[in-house]
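Atom set for the values below is all heavy atoms of this structure, side chains included, hydrogens, waters and symmetry mates excluded. Along the sequence shown, residues carry numbers from 1.
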Amino acid sequence: MSQLRAAAAAGGLRRSSGRAVPAARRSRKGASPRGGTAAPPPTPHVFSDPAEIGALRRNLLAWYDRCKRDLPWRTLAATEPDADRRAYAVWVSEIMLQQTQVATVVDYYNRWMQKWPTLQALAQASLEEVNELWAGLGYYSRGKRLQEAAKKVVFELAGRMPRTAEDLQKLLPGVGRYTAGAIASISYGQATGVVDGNVIRVLCRLRCIGADSSSPAVIDQLWDMANALVDRSRPGDFNQALMELGATVCVPKAPLCRECPVKQHCRARCRKLFGKPTPVPDVEDCGVGGCPLCPPATEPWDSSLGVTNFPRKAAKKQPRVARSATCVLERRGCHGAPEYLIVQRPSSGLLAGLWEFPSLPLDQDLQEEKQREALADHLRAWTGWPVVAGGLRFVGEVVHIFSHIHQTYVVYSLPLDGDVTLDTALSPSRWVTEEEFHASAVSTAMKKV
Ligand code: SF4
């Protein structure tokens with residue numbers, strides 16, 4: 001408790017004329033990071049004490065040195081002497097980690113780096129190979145864009161990765177502000193911050209930011225904060241430490257505040273313990289009236305939630321509901337083993353270039369009999385085989401949630417006992433054994449089917 005009080009007393013105040021005055025009360029004008037003038041954020045939501053910033057950096061880095069997870073991209077970033085190779089290794093990991101858990105990524109990452117250890121190797125790969133290796137990782141456009149950007153580096157930038165976050169973002173397709181900051185800080189030691197989902201959660205809690213964390217005002221504030229906090233001598237480690245803290249300690253539902261290395265700097269925790277963001281009398285919570293970073297008046301602090309009052313997000317848009325009929329066509333291969341027909345999806349749009357069982361989008365309210373007939377028509381046109389609706393065996397329904405689509409596949413099967421001539425004017429298609437199917441560039445949804 002006393003440690004908390006002492007640390008809180010050091011934070012949030014600027015010393016002036018011997019009297020501590022809350023920064024927000026002293027001045028409402030300041031230089032905007034974008035060049036204009038703007039009111040500084042209210043005191044409870046900023047780090048304004050250099051001593052506190054220094055202590056937070058030290059505490060976080062010491063914890064990271066003790067507790068960080070041993071991950072292959074970290075080893076590569078720490079041991080690879082060539083800056084381009086180092087940047088490439090970090091880049092691949094950052095793209096794979098977007099929307100995907102570390103535990104899932106490790107195996108994909110190792111296989112990727114084994115197959116394409118350099119940008120030059122990746123630039124020579126085909127999209128089919130990239131999709132095959134990416135199969136099951138989801139958000140398939142990530143792999144495609146990574147390969148396109150690798151080609152750009154190799155063929156247009158003479159194989160040299162851009163050397164700053166600004167240039168990485170400007171010159172490489174698919175590299176946004178976060179990825180550029182991560183590559184530049186981890187690979188080149190540029191003192192630039194990063195803001196991802198984990199960092200948003202940690203910073204919003206550290207500074208009681210309860211306005212919609214996906215709003216431009218909050219995101220801008222978090223980037224400013226990340227850039228101000230990042231350790232100047234170990235920026236890559238600091239950024240990874242902040243993300244690691246969000247992933248392992250300051251987790252969304254049940255954060256481990258007692259074990260947290262920066263708990264003495266955390267105003268959400270302070271608010272939970274003392275009822276306000278710091279125990280210092282001069283520093284009060286902004287309240288809900290007009291502060292752009294406080295929780296909205298309609299959703300005030302809920303004491304049953306504690307620190308998980310932060311961050312807050314606007315309600316998510318409901319995913320679109322979609323339905324497809326899909327058919328597993330089976331024949332006996334030349335050695336008697338069953339083979340299945342797969343067809344390739346178009347080269348743009350959802351699951352671009354991936355393979356799937358022949359499928360047909362359905363209207364939502366189509367009756368079973370009608371959807372069966374529609375599928376039979378589709379398959380007849382595709383295979384030239386006299387498929388009749390009654391020959392399709394209903395297997396079941398498979399639901400798969402894409403980021404923005406709630407997709408149901410109505411699955412049928414159709415055994416064939418003769419040869420089938422596929423219309424080559426239609427999408428590419430091929431027969432595969434079960435083993436070949438799993439090694440192909442097929443989505444997780446199709447594996448479920
Ligand atoms: Fe997160 Fe708790 Fe640490 Fe605050 S004290 S940063 S809420 S884990």
**Q** With sequence neighbours excluded, give me every salt bridge (Lys or Arg N to Asp or Glu O under 4.0 Å) pair touching residues 76-85.
**A**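 Listed once each, the pairs are Asp84-Arg163.
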**Q** Closest heavy-atom contact between Ala87 and Tyr188?
**A**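 Ala87 and Tyr188 have their closest heavy atoms at CB-OH, 3.3 Å.
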**Q** For atom CZ of Arg160, is the number of surrounding heavy atoms from other residues, nucleotides or ligands below 6.0 Å larger than 12?
**A** no
**Q** Could you tell me whether the side chain of Glu330 and the main chain of Ser413 form a donor-acceptor pair under 3.5 Å?
**A**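 Checked: no pair found.
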**Q** Looking at residues at least two apart in the chain, or sitting in another chain, which of them share a side chain to side chain contact (heavy atoms under 4.5 Å, CB included) with Gln190?
**A** Thr164, Ala165, Glu166, Ala184, Thr192
**Q** Judged by atom type as modelled, is there a donor-acceptor pair below 3.5 Å linking the side chain of Lys272 to the main-chain atoms of Gly306?
**A** no
**Q** Less than 4.5 Å apart, side chain to side chain, heavy atoms only: is that true for Phe357 and Cys327?
**A**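 The answer is no; the side chains never approach within 4.5 Å.
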**Q** Assess whether a salt bridge exists between Lys68 and Glu244, defined as any Lys/Arg side-chain N lying under 4.0 Å from an Asp/Glu carboxylate O.
**A** no
**Q** Taking the six-membered ring of Trp223, is the NZ or CZ of Arg177 close enough (under 6.0 Å from the centre) and on axis enough (within 45°)?
**A**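 Because its charged atom sits under 6.0 Å from the ring centre and within 45° of the axis, Arg177 does stack over Trp223.
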**Q** Hey, mind stepping through Arg345 and Leu350 against side chain to side chain contact (heavy atoms under 4.5 Å, CB included) and telling me if it holds?
**A** CA-CA 9 Å; Arg345 291 181 61 85; Leu350 182 71; 4.2 Å; yes
**Q** Report the distance from atom CG of Asp302 to atom OG1 of Thr308, rounding to the nearest 0.5 Å.
**A** 8.0 Å
**Q** So His400 and Phe402, ring-ring contact (aromatic ring centres under 6.0 Å, His included) or not? Walk me through it.
**A** CA-CA 6 Å; His400 188 79; Phe402 294 99; 4.8 Å; yes
**Q** Locate the shortest heavy-atom distance separating Asn59 from Pro261; write the atom from each residue and the value.
**A** CB-O, 3.4 Å
**Q** Within the side chain of Thr408, is there an N or O that forms a donor-acceptor pair under 3.5 Å with the backbone of Arg323?
**A** no
**Q** Enter the distance from Leu293:CG to Ser213:OG here, rounded to the nearest 0.5 Å.
**A** 11.5 Å
**Q** Can you confirm whether Leu56 sits close enough to Phe238 that some side-chain heavy atom of one is under 4.5 Å from a side-chain heavy atom of the other?
**A** yes
**Q** For Ala211, is there any backbone N or O sitting under 3.5 Å from a side-chain donor or acceptor partner on Ser215?
**A** no
**Q** Is it true that atom CD of Gln120 has more than 12 heavy atoms of other residues, nucleotides or ligands lying nearer than 6.0 Å?
**A** yes
**Q** Quick one: does NZ or CZ of Arg111 land under 6.0 Å from the six-membered ring centre of Trp116, within 45 degrees of the ring axis?
**A**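 No cation-pi geometry.
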**Q** Take atom CZ of Arg232 as the centre, draw a 6.0 Å sphere, and report whether it contains more than 12 heavy atoms from other residues, nucleotides or ligands.
**A** yes
**Q** Report the C-alpha separation of Tyr140 and Leu354 in whole Å, then their side-chain angles, then the decisive distance to 0.1 Å, and conclude whether the side chain to side chain contact (heavy atoms under 4.5 Å, CB included) test is met.
**A** CA-CA 9 Å; Tyr140 293 87; Leu354 266 64; 3.5 Å; yes
**Q** Any carboxylate oxygen within less than 4.0 angstrom of a Lys/Arg side-chain nitrogen, looking at Asp196 and Arg201?
**A** no
**Q** To the nearest 0.5 Å, how far apart are CG in Leu222 and CG in Leu206?
**A**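 Between Leu222 CG and Leu206 CG, I get 10.5 Å after rounding to 0.5 Å.
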**Q** Examine distances only and state if a side-chain atom of His45 and a backbone atom of Arg207 form a donor-acceptor pair shorter than 3.5 Å.
**A**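 Side chain of His45 to backbone of Arg207, a donor-acceptor pair under 3.5 Å: yes, one is there.
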**Q** Which heavy-atom pair separates Ser440 from Ala135 by the least distance, and what is that distance?
**A** O-CB, 3.9 Å
**Q** Pair Gln101, Thr104 - check side chain to side chain contact (heavy atoms under 4.5 Å, CB included), show working.
**A** CA-CA 5 Å; Gln101 300 285 327; Thr104 308; 4.0 Å; yes
**Q** Can you name the nearest heavy-atom pair linking Val202 to Cys250, along with the distance?
**A** CG2-CB, 3.8 Å
**Q** Are the side chain of Gln344 and the backbone of Gly353 linked by a donor-acceptor contact shorter than 3.5 Å?
**A**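 Between the backbone of Gly353 and the side chain of Gln344 there is a qualifying donor-acceptor contact (under 3.5 Å).
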**Q** Between the side chains of Gln407 and Ser324, does any donor sit under 3.5 Å from an acceptor?
**A**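 Yes.
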**Q** For a 4.5 angstrom cut-off between non-hydrogen side-chain atoms, does Val410 reach Val398?
**A** no
**Q** Return the CD to OG1 distance between Glu397 and Thr326, rounded to the nearest 0.5 Å.
**A**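 Rounded to the nearest 0.5 Å, the CD-OG1 separation comes out at 12.5 Å.
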**Q** At their closest point, which heavy atom of Leu229 faces which heavy atom of Arg57, and how far apart are they?
**A**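 Reported closest heavy-atom pair: O-NE, 2.7 Å.
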**Q** Do Ile342 and Glu356 have side chains that get closer than 4.5 Å, going by heavy atoms?
**A**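 Of all side-chain heavy-atom pairs linking Glu356 with Ile342, none is under 4.5 Å.
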**Q** Under the salt bridge (Lys or Arg N to Asp or Glu O under 4.0 Å) test, which residues partner Glu259, sequence neighbours left out?
**A**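 Not a single residue meets the salt bridge (Lys or Arg N to Asp or Glu O under 4.0 Å) criterion with Glu259.
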**Q** In Å and rounded to the nearest 0.5 Å, what is the NE2 to NZ distance from His438 to Lys447?
**A** 6.5 Å
**Q** Once you round to the nearest 0.5 Å, how far does CZ of Arg66 lie from CG of Leu61?
**A** 11.0 Å
**Q** For a quick test of reading the model, state the closest non-hydrogen atom pair linking Ala191 to Pro235 and the distance between them.
**A** CA-CB, 3.8 Å
**Q** Are the side chain of Arg205 and the backbone of Cys266 linked by a donor-acceptor contact shorter than 3.5 Å?
**A**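 A pair under 3.5 Å: no.
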**Q** Quick test of your reading: applying ring-ring contact (aromatic ring centres under 6.0 Å, His included), list the pairs with at least one residue in residues 47-76, sequence neighbours left out, ordered by first then second residue.
**A**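 Counting only pairs at least two positions apart or across chains, the ring-ring contact (aromatic ring centres under 6.0 Å, His included) contacts touching residues 47-76 are Trp73-Tyr109.
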**Q** May I have the step-by-step check of side-chain hydrogen bond (donor to acceptor under 3.5 Å, both in side chains) for Thr248 and Arg69, ending in yes or no?
**A** CA-CA 10 Å; Thr248 60; Arg69 289 169 292 179; 5.9 Å; no
**Q** Quick check against the 3.5 Å criterion: does Arg269 have a side-chain atom that pairs as donor or acceptor with the backbone of Lys263?
**A** no
**Q** Going by heavy atoms in the side chains, are Val262 and Leu245 under 4.5 Å from each other?
**A**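 Yes, their side chains come closer than 4.5 Å.
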**Q** Can you tell whether the side chains of Glu339 and Arg332 come within less than 4.0 Å, N to carboxylate O?
**A** no
**Q** Verify the distance criterion only: is there a donor paired with an acceptor across the side chains of Trp355 and Glu128 at less than 3.5 Å?
**A** yes
**Q** Any side-chain heavy atom of Asp212 within less than 4.5 Å of one from Arg312?
**A** no
**Q** What's the verdict on side chain to side chain contact (heavy atoms under 4.5 Å, CB included) for Met446 and Tyr409, showing C-alpha distance, side-chain angles and the deciding distance?
**A** CA-CA 9 Å; Met446 276 303 123; Tyr409 295 97; 3.5 Å; yes
**Q** In terms of side-chain geometry, is the basic nitrogen of Asp167 or Lys170 positioned less than 4.0 Å from the acidic oxygen of its partner?
**A** yes
**Q** May I have all residue pairs that pass salt bridge (Lys or Arg N to Asp or Glu O under 4.0 Å) and include part of residues 142-158, sequence neighbours excluded?
**A** none
**Q** Could you pull out every donor-acceptor pair under 3.5 Å between side chains of residues 89-98 and any protein atom, sequence neighbours left out?
**A**
residue : atom : partner : partner atom : Å
Ser93   : OG   : Val90   : O            : 2.7
Glu94   : OE1  : Tyr178  : OH           : 2.5
Gln98   : NE2  : Thr179  : OG1          : 3.0

**Q** Are any non-hydrogen side-chain atoms of Leu351 and Tyr139 less than 4.5 angstrom apart?
**A** no
**Q** Kindly assign one of parallel, tilted or perpendicular to the pair Trp301 and Phe310, based on the angle between their ring planes and the thresholds 30° and 60°.
**A**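 Ring orientation of Trp301 relative to Phe310: tilted.
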**Q** Does any non-hydrogen side-chain atom of Met161 lie less than 4.5 Å from one of Leu172?
**A** yes
**Q** May I ask you to decide if Ser187's main-chain N or O and Arg86's side chain share a donor-acceptor pair within less than 3.5 Å?
**A**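 It does hold such a pair.
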